[in-house]
Amino acid sequence: MRSDPTGSGSGGPDPAATSAGSGPPASGGMVAADDLVRARKQLLDGGSRSRRLDTVALRQALVDLHEFWLTTKGAELGIKPDSGFAIVAVGGLGRRELLPYSDLDLVLLHDDLDPAVVSEVADRLWYPLWDAHIKLDHSVRTVPQALQVASSDLTAALGLLEARHIAGDVELSNLLIGGVRRQWRTGIRSRFDELVEQSRARWARSGEIAHRAEPDIKNGRGGLRDIQLLSALAIAQLTDAVPGLGPQTPGGGLAFAHERLLDVRTELHRVAGRGRDQLRAQDADEIGAALRIGDRFDLARMLSDSARTISYSVDVGLRTAGNALPRRGLSRLRRVPVRRPLDEGVVEHAGEVVLARDAKPNKDPGLIMRVAAAAAQTGMPISASTLNRLSDSAPELREPWPKEALDDLLVLLGSGRNTIAVIEALDRTGLWGRLLPEWGAIRDLPPRDAVHTWTVDRHLVETAAYASGFTTRVSRPDLLVLGALLHDIGKGRGGDHSLVGAELANQIGNRLGLWPSDVAVLSAMVRYHLLLPETATRRDLDDPATVRMVAEALGGDTVLLELLYALAEADSLATGPGVWGDWKSSLIRELVRRCRMVMAGEHLPTPDPIDPEHAALAADGGVHVLLQPAEGAHTYTVTVVAPDTPGLLSDAAGVLALHSLRVLSASLGSHEGAAVNSFTVAPRFGAPPQAGLLRQELIRAISGELDLVAMLEAKENQALAEQALERGAEGVPVQYAQAPPRIIWFDTQVDGQVILELRAEDRLGLLCRLASVLERHGADIRWARVSTLGSSVVDAFCLHLGDTDSRVTREEFEEAMLAVVPAPRPRTGEGAEDGVTEGGAG
């Protein structure tokens with residue numbers, strides 16, 4: 001037996017719930033509710049399948065049947081208007097959602113009448129139901145008693161919020177219903193935390209419906225209890241009953257998702273022949289067929305779609321309710337939350353990412369990706385109103401995508417676990433499918449292999465999140481996260497998903513605006529994403545033909561090999577527990593090592609050629625700063641030509657960072673004693689400063705008037721303090737890197753000259769800090785190539801180290817450089833390292 005939502009006993013007679021000091025009389029003389037049982041059985045049997053009531057009609061018929069019986073029985077017992085008695089339904093009957101084997105949840109209200117009379121009426125109402133073996137949750141209360149129970153018991157309060165008058169004194173029922181709702185609204189501030197904690201505990205027990213093989217339709221995350229949670233928040237006037245989703249979104253909106261879960265649970269009762277909340281695998285095919293959905297995989301896909309729609313709505317509802325809670329005490333004196341800029345047209349307000357007041361989503365196709373990138377970087381959710389506005393107004397991105405939009409996509413995919421919630425919000429509101437139309441075929445697609453934890457679409461996002469932790473292992477972190485997102489995109493279409501996916505990846509890569517050579521690599525990643533794990537675990541690695549086969553399939557491309565190596569690990573980790581282990585890892589690592597030996601060696605980074613116009617400026621002498629629009633709508637090229645003195649690179653990079661110009665790429669060289677440094681930059685907000693202002697600031701920095709590193713530290717600390725980032729051991733805001741930094745050294749043919757390649761995550765003024773470290777340690781930077789790919793940087797510096805001991809100097813450089821890049825996330829256990837250094841061959 002379970003406890004009923006009104007706080008009394010269930011199932012059988014409860015003397016304490018009827019009258020004090022008086023036990024119930026024997027049931028003799030009372031006729032069991034056999035007529036109700038027969039009518040219920042007839043509704044459920046319904047003859048042939050073609051004549052059976054559908055789920056909606058069945059629920060309505062059950063509601064009508066029980067209301068009729070209770071109304072008739074009530075009239076027989078004298079429970080009429082002005083009688084001082086009322087029958088009130090809660091639970092399924094109260095919500096008009098009575099299922100075939102739902103318990104009957106009833107409250108007999110009375111206006112403080114004589115206990116003996118109340119006991120007699122209660123017994124004559126309950127005993128026929130008990131004698132007919134109808135499951136009954138019951139209580140007998142006065143209105144004040146019921147309100148007292150609701151004030152002290154959260155579960156009882158939630159049940160009474162669904163109360164509905166059935167028979168008797170309607171004024172009495174209205175006193176209860178209105179009183180409970182007023183009490184709920186006035187007390188919600190003190191009960192909200194308990195409500196959230198209770199919901200989270202329920203989710204922890206029952207799991208997520210969308211990703212469970214045998215989900216709990218009622219109690220799981222995204223289930224029917226969550227619909228009731230949203231209703232309770234709406235009654236408290238903290239949120240709308242249907243927050244953030246309309247009928248045109250995937251899943252058809254919240255009301256449609258609710259109806260589909262009710263249909264499944266109704267049919268589950270009918271198939272099981274008793275009350276049941278958990279959908280068992282052996283019943284899924286029959287239920288899917290009865291609902292005309294399809295087989296168990298089709299049913300699982302529908303359940304995932306509906307549950308994720310409800311889960312998103314609950315997230316929005318709880319967040320909106322938390323922000324709407326009335327404040328008390330000193331919190332009432334807080335200033336109105338400020339709107340802090342995050343990106344062009346994007347601000348933070350009250351802990352959410354929202355559109356700036358002057359944003360024009362109908363004229364700004366890249367705004368969707370800027371909002372998503374800002375949310376992923378800060379860890380803050382996107383406001384539901386912002387998502388709705390973007391869904392209604394934002395135009396399609398032109399093809400190929402602008403470089404800025406691609407860069408924002410890479411920032412989103414490189415943000416670790418933050419990526420998952422952002423993509424889920426975009427997907428539930430229809431925006432993700434607009435960006436990637438191919439996503440529809442895999443959305444909510446259930447896995448065919450039990451080893452997989454997630455639906456196919458969620459698996460891809462999980463893989464991208466894991467891959468973001470491996471970006472410093474590869475020379476192309478952008479292609480790694482894109483390949484992780486798309487590696488199973490070919491599923492759900494028939495045929496070999498690797499071959500189908502490779503064609504789709506080619507199509508998507510062209511749409512994203514990748515270079516043709518990068519499109520080919522991305523397509524090959526999808527085509528061969530299973531090559532390494534399948535070969536390593538199924539073939540003889542000591543057979544030279546095995547290694548030759550892999551090397552030939554990859555065309556001898558070492559970049560593709562390292563990308564597939566990282567992808568294999570991310571894919572396995574995202575599949576489920578135990579899929580990636582020491583055995584599998586060691587086999588793939590050995591296969592990759594042998595393939596490297598067969599393939600050609602790595603190529604050294606080389607400098608970019610110098611533009612003749614810039615060479616002419618260098619010959620003229622002096623300090624020159626040129627600012628010109630680049631290919632993208634919000635990108636510019638800043639060229640600095642100045643005498644090649646120590647510290648120039650860090651000064652130029654620092655001036656750009658202080659003026660909120662993010663360096664996307666840089667090419668640094670020299671000509672006739674002058675440095676020629678070209679930077680591709682993107683303003684974080686608005687238009688860039690004038691070239692003359694940048695020149696003046698650069699001259700001040702060269703003369704020593706500006707402490708650029710200190711100014712950057714102050715600016716970054718202020719930004720971190722305002723963001724919703726993790727806090728370190730001392731409570732200081734910290735933005736940990738997803739992947740540990742990596743330093744690679746390449747020896748060259750020139751004595752005393754080496755190439756240093758740094759792979760790390762970006763931060764404010766990183767190039768300035770790195771150049772300052774190199775210059776402070778006596779390195780002469782001959783040339784450099786800097787690339788920012790999403791949130792990752794791949795920076796190559798050609799250094800002249802003179803006649804010093806190169807090994808000691810390298811160690812000093814490594815320690816100093818690792819101190820200025822974003823710190824890796826702390827790891828527990830032995831073997832955790834702050835960074836990785838390697839040597840390379842020249």
Side-chain angles (χ1 to χ4, degrees), residues 188 192 195-196 199-200 203 208 210 221-222 226-258 305-325 336-337 339-340 342-343 345-357 359-362 364 367-394 412 415 418-435 443 461 724:
I188 188 60
F192 183 74
L195 178 65
V196 174
S199 300
R200 288 175 176 165
W203 296 335
E208 293 188 64
R221 180 163 173 78
D226 286 342
I227 295 290
Q228 296 163 34
L229 171 62
L230 287 172
S231 177
L233 295 176
I235 292 171
Q237 298 179 346
L238 296 179
T239 182
D240 294 332
V242 188
L245 287 173
Q248 301 306 314
T249 58
L254 185 61
F256 187 55
H258 179 200
D305 191 11
S306 300
R308 287 165 73 174
T309 295
I310 295 171
S311 293
Y312 170 75
S313 299
V314 168
D315 289 341
V316 172
L318 289 176
R319 193 166 67 244
T320 303
N323 291 335
L325 282 175
V336 176
R339 298 171 70 87
R340 181 171 59 86
L342 298 175
D343 206 331
V346 187
V347 300
E348 178 263 328
H349 178 71
E352 293 183 324
V353 176
V354 303
L355 297 183
R357 291 190 177 95
K360 297 181 175 61
N362 58 330
D364 190 350
L367 190 55
I368 296 174
M369 288 313 311
R370 291 205 300 281
V371 167
Q377 281 190 306
T378 61
M380 292 185 290
I382 306 172
S383 159
S385 60
T386 292
L387 288 166
N388 289 342
R389 189 176 171 194
L390 289 171
S391 181
D392 291 340
S393 307
L412 169 63
S415 298
N418 290 347
T419 302
I420 298 170
V422 175
I423 292 181
E424 184 74 2
L426 294 176
D427 192 38
R428 290 301 108 186
T429 49
L431 291 168
W432 189 246
R434 184 184 303 179
L435 297 167
R443 181 183 291 112
V461 180

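Heavy-atom basis, side chains included; hydrogens, waters and symmetry copies ignored.
With a 4.5 Å cut-off on side-chain heavy atoms, Y312 and T429 count as touching. Using a 4.5 Å heavy-atom threshold, the side chains of E348 and T378 count as separate. At least one side-chain heavy atom of M369 sits less than 4.5 Å from a side-chain heavy atom of L435.
The CG atom of L387 lies 6.0 Å from the CG atom of L431; values are rounded to the nearest 0.5 Å. The distance from atom CZ of R319 to atom OG of S383, rounded to the nearest 0.5 Å, is 7.5 Å. For the atom pair L426 CG and S391 OG, the distance stands at 10.5 Å (nearest 0.5 Å). Between R340 atom CZ and L342 atom CG the span is 5.0 Å, to the nearest 0.5 Å. With values rounded to the nearest 0.5 angstrom, N323 atom CG is found 5.5 Å from E352 atom CD. In this structure, CD1 in I188 is found 10.0 Å from CD1 in I235, a value given to the nearest 0.5 Å.
Taking all atoms of both residues into account, the shortest heavy-atom contact from G433 to R443 is CA-NH2, 3.8 Å. Closest approach of H258 to I310, counting heavy atoms only: N-CD1, 4.4 Å. Taking both residues in full, the closest heavy atoms of G379 and N418 are given as CA-ND2, 3.6 Å, listed atom of the first, atom of the second, then distance. Nearest heavy atoms, V422 versus A376: CG2-N, 3.8 Å. The shortest non-hydrogen separation linking L230 to S313 is CD2-O, 3.6 Å. The two atoms that bring F192 and A321 nearest to each other are CE1-CB, 3.8 Å, heavy atoms only.
Checking R221, R428, R308 one by one against D315, the salt bridge (charged side-chain N to carboxylate O under 4.0 Å, His left out) holds for a single residue, R221.
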*side chain to side chain contact (heavy atoms under 4.5 Å, CB included) assessment of W203 paired with D226*: CA-CA 10 Å; W203 296 335; D226 286 342; 3.1 Å; yes

*asked:* Run V353 and T386 through side chain to side chain contact (heavy atoms under 4.5 Å, CB included) and show every step you take.
replied: CA-CA 8 Å; V353 176; T386 292; 6.0 Å; no

*For the pair L355 and R389, evaluate side chain to side chain contact (heavy atoms under 4.5 Å, CB included) and give the outcome as yes or no after the intermediate values.*
CA-CA 9 Å; L355 297 183; R389 189 176 171 194; 3.7 Å; yes

*Yes or no on side chain to side chain contact (heavy atoms under 4.5 Å, CB included) for L233 and T320, after CA distance, side-chain angles and deciding distance?*
CA-CA 10 Å; L233 295 176; T320 303; over 6 Å; no

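Judged purely by atom type and a 3.5 angstrom limit, T309 has no side-chain atom pairing as donor or acceptor with the backbone of L254.
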